[in-house]
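A short worksheet on the structure shown next.
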Amino acid sequence: MNILQINGSARLTGSNSTRVADAITARLRTLHPDASFALRDLGREPHPVLDEAALTALFTPAGQRTPEQRARVALDDVLIAQLHAADVVVLGVPMYNFGVSVQIKSWIDAIVRAGETFRYGASGPEGLVAGKKVYVGLARGGIYRDTPGDSQVPYLRGILGLLGMTDVEFIYAEGVKMGPEREAAAFEEAAAQIAAAVV
Ligand SMILES: Cc1cc2nc3c(=O)[nH]c(=O)nc-3n(C[C@H](O)[C@H](O)[C@H](O)COP(=O)(O)O)c2cc1C
């Protein structure tokens with residue numbers, strides 16, 4: 001079994017979403033001691049944003065790319081290969097300004113590639129990244145779970161589902177900016193969710 005953990009916080013230390021993701025991975029590794037483990041910390045090793053140069057590189061046929069374009073596409077290829085190699089994916093996702101961090105968005109922009117991770121068929125898009133279990137560790141300053149204010153979970157369900165990743169469990173650490181008691185409770189609740197969901 002191959003576990004891939006993606007840390008999406010901008011913080012290099014003290015990240016709450018990384019704390020939740022680490023707890024998910026720790027339980028997985030306890031249950032599956034022989035599992036291999038790969039980590040991509042997007043705060044420490046940022047992935048470039050999808051800009052004009054990247055789009056041009058991606059839409060240029062492989063044989064016609066410049067060395068710079070090949071190098072840019074290769075950065076995305078690494079993330080796609082890591083994803084394909086994983087059986088279980090653990091994402092640490094902070095809430096910044098009601099959305100996912102730019103780190104997570106850049107990872108998503110890298111892995112969503114027509115012909116590689118999904119394709120358009122006669123009946124619409126078809127995911128090519130099937131058979132994976134995904135755990136998403138969420139950290140939020142406020143509380144949004146199961147409310148219309150939660151813009152992250154519907155987005156992540158949708159984009160992961162496009163690629164065929166439909167077996168997704170969300171672990172919530174919410175209210176981490178609502179005082180020390182609520183913060184402590186958030187991690188206790190996340191730990192209980194992990195114990196119930198990671199089996
Ligand atoms: C730039 C920034 C924007 C934030 N925006 C929100 C927000 O829109 N809603 C919210 O509930 N918390 C917000 N927070 C609080 C974070 O969700 C909280 O600090 C969480 O721990 C972030 O995850 P991290 O510690 O892994 O970076 C924000 C924090 C930062 C630094």
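Each residue takes its place number in the sequence, starting with 1. First listed ligand is number 1; within each ligand, the first listed atom is number 1.
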Minimum side-chain heavy-atom gap Trp107-Val100 below 4.5 Å: no
Keeping the roles fixed (side chain from Arg29, backbone from Ala35), state whether a donor-acceptor pair exists under 3.5 Å. no
Using the rule given for ring pair (Phe, Tyr, Trp, His ring centres under 6.0 Å), can you reason through Tyr120 versus Phe118, listing the C-alpha separation, both sets of side-chain angles and the distance that settles it, and then say yes or no? CA-CA 7 Å; Tyr120 287 108; Phe118 77 103; 5.3 Å; yes
Strictly distance-based, threshold 3.5 Å: is any side-chain N or O of Asn7 a donor or acceptor partner for the main-chain N or O of Thr18? no
Near ligand 1, which protein residues have a heavy atom under 4.0 Å away? Ser9, Arg11, Ser15, Asn16, Ser17, Pro94, Met95, Tyr96, Asn97, Phe98, Ala139, Arg140, Gly141, Gly142, Tyr144, Val176, Lys177
Can a donor-acceptor pair be found, under 3.5 Å and without considering hydrogens, that links the side chain of Lys133 to the backbone of Val90? no
Would you mind listing the cluster partners of Val102? Hydrophobic ones only (ILVMFWY), side-chain contacts under 4.5 Å, chaining allowed. Val49
